[in-house]
Amino acid sequence: MAARFFTHGEDGKGSLGPIVIWIATHPDTTTAENAHDVSPDIISLLEKVGVEGAVIEWYEGTVETLAGPPLLRVTLDTDPTYYVRRFLTAVLGMPITTQEREDDDAQGSVGFFFHENKSKRGEASARVPGVSNRHVLHKTNTDDYQFKGAGAPRQLVRVCGSRRFQRGVNEIKARIGRLGSDAELFVTEIAELQLQVASEDPDEVEEAEAGVTAKQAKLAEIKQHIGLLEAFDKEVNAQWSDIERRNMGHVDWAPKISVDVEGNRYTLDVGTFELDEAKFKPHFKGNVIDLGAKYTPGELTDKFYPLHNTNTRTLFNPPPNRQLRVKGIVTRELLANPDCFDSNDEPCLIVLKDGGASDLTVGNHAGLEAYLADDFGQESVELAIYNYNKQSGDFSAKGDSGSLIVDGKGNMLGLLHSGMPRGGSNHVTFATPAWWIVQKIKDQYPHADFYRTSW
Ligand SMILES: *[C@@H]1O[C@H](CO)[C@@H](O)[C@H](O)[C@H]1NC(C)=O
C-alpha cells in the first residue's frame with residue numbers, strides 16, 4: 001500500500017511528503033529486526049524503477065476482507081451458544097434485509113432455498129437462490145425485477161438489519177447475565193451447605209455432602225458456559241457488526257406483487273435472491289427449520305397432540321437435535337379439507353413457522369380460505385393461520401414476512417406475507433399456498449430442486 005501526505009504550512013502553502021510504503025504483516029509473524037533488514041532491499045528496488053526518497057513503514061495487521069466470514073453453523077443443542085446464535089445461522093427463518101431498504105428498517109425472513117440445477121435454457125447451473133417476499137426484497141412495486149447477470153448492478157441482501165443484529169447481540173449479553181446470577185446463587189447455596197456439613201444429624205451431613213458435590217459440578221459448568229458465551233459475543237462483534245460484512249446475496253427475481261385474478265386469486269408476493277457461495281456453502285444443510293429452545297421437544301409434541309385428540313396419523317415427531325427438515329408440500333386437497341380435528345371436532349391443521357421476528361410459533365390453519373380486499377378493492381384468497389390459543393401470543397409479527405409455514409412433518413404449507421389484528425389479542429396471519437408458490441418458482445426456474453441437503 002502506498003500513500004503520500006500533504007502537510008499544510010502556516011503560510012497557506014504546503015509541502016508534499018515523501019512516498020510512504022506501508023507494509024502490513026500478519027501479527028507475530030515477523031520482528032522489528034527482520035523488517036529493518038528487508039527495508040533497504042525494497043528501497044533499492046524502488047530506486048531501480050526511479051522512485052527516490054521513499055519511506056517504508058511496517059505495521060502489524062490482519063487484512064479483514066469486506067466479505068466477512070461464512071454464516072454460522074447450527075450447533076448441538078448442548079452448546080451454550082446454540083440458541084443465541086440463530087440470528088446468524090444458515091437455516092430457514094433467517095432474518096434478512098436489503099441494502100436498498102436499510103433506511104426503511106424493512107426486515108423479513110428467508111422462506112426456503114432451492115438449487116437451480118439448470119437454467120431456463122438448459123445450461124448447468126450451480127446457483128442456489130433463497131426465497132422471501134417481493135415486499136421484503138424490493139422497495140417499489142412498479143415493475144418486474146430481474147437481475148441482468150454478471151456485471152449488472154446488484155441489489156444486495158443482508159443477514160440482519162441493524163435492529164435485528166442489535167437484538168441478537170443483546171440476547172447474548174442477557175444470557176451471560178442470567179448465567180452470572182445463577183452462578184452467584186450456586187455460590188451462596190454451596191457456602192450454606194458447607195456449614196450444614198458440621199451438623200450432628202448424619203442424614204443432614206450426607207445430604208450436604210452430596211449437595212455440595214452436585215452444585216459444584218453445576219457451578220463449574222455454568223462458569224464454562226459463561227466463558228464460551230463471552231468468547232462468542234466478542235467474535236460476533238468483531239466479525240459481524242459491520243453491516244457490509246453481513247451482505248450474503250443479491251436479488252435475482254422479484255415479480256411485481258399481484259393477485260392471480262384469472263386463476264385462484266392467490267397473492268403473488270415472492271422474490272428470490274442468489275446466495276453467495278462463500279457465505280453459505282460451509283454450513284449449508286438445505287431446507288431445515290431449527291426448532292430452537294423456546295419450547296422443549298416435549299412441549300412442542302403436546303401442542304400437536306392436544307387433549308381430546310382423536311387423530312390417528314402421526315402429526316409430529318421431535319426431530320433429532322431439533323432440526324426439522326422440509327420433506328414435501330401439503331397438497332391442495334389437504335389444505336381445503338384438513339384431516340385433523342380439534343376438541344370441538346372442527347377441522348384444523350397445527351402448523352409452525354420460524355421467523356426472524358417472532359422465532360418459532362405454532363398456529364392453527366382451519367382449512368378456511370380468507371377473502372381479503374386490499375386498499376384498492378382488489379380481492380385475494382389467502383390461507384388464514386390463527387393463533388394457537390389465547391395464551392400463545394401472535395403467530396407472526398412484523399419481520400416474519402417471507403417465512404415458511406409447515407406442518408409438523410415438515411411439509412410446506414404456505415409462504416407468510418401479512419398479518420392483521422382482529423381485535424383484542426386475536427391476530428390472523430395470511431399466507432399464499434406453498435404448492436402454488438412452488439409452481440410459480442418452477443415457471444421461472446424449471447429445474448428447481450427443493451430437497452438437496454448440502455450445497
Ligand atoms: C438436481 O441435480 C441433482 C444433482 O445433480 C439431482 O440429484 C437432482 O435430481 C436434480 N433435481 C432436479 C429437480 O432436476
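When a residue number appears, it is its place in the shown sequence, counting from 1. Atoms within a ligand are numbered from 1 in the order they appear, just like the ligands themselves.
- Residues passing the salt bridge (charged side-chain N to carboxylate O under 4.0 Å, His left out) test with Arg163, sequence neighbours excluded: Asp105.
- Just one residue in the list Tyr451, Phe450, Trp455, Phe284 forms a ring pair (Phe, Tyr, Trp, His ring centres under 6.0 Å) with Phe113, and that residue is Phe284.
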List, one per line, each side-chain donor-acceptor pair under 3.5 Å for residues 429-436, sequence neighbours excluded.
residue	atom	partner	partner atom	Å
Thr429	OG1	Ser396	OG	2.9
Thr432	OG1	Thr267	O	2.9

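- A salt bridge does not link Arg265 with Asp260: every distance from a Lys NZ or Arg NE/NH1/NH2 to an Asp or Glu carboxylate oxygen is 4.0 Å or more.
- Of the listed residues (Gln99, His138, Arg101), just one forms a side-chain hydrogen bond (donor to acceptor under 3.5 Å, both in side chains) with Gln155, and that residue is His138.
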Can you list every pair where an N/O of ligand 1 is under 3.5 Å from an N/O on the protein?
residue	atom	partner	partner atom	Å
ligand 1	2 (O)	Asn117	OD1	3.1
ligand 1	2 (O)	Asn117	ND2	2.5
ligand 1	2 (O)	Arg452	NH1	3.2
ligand 1	11 (N)	Asn117	ND2	2.8
ligand 1	11 (N)	Asp449	OD2	3.0
ligand 1	14 (O)	Asn117	ND2	3.2

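- Looking at residues two or more places apart in sequence or on another chain, you find a salt bridge (charged side-chain N to carboxylate O under 4.0 Å, His left out) between Glu102 and Arg158.
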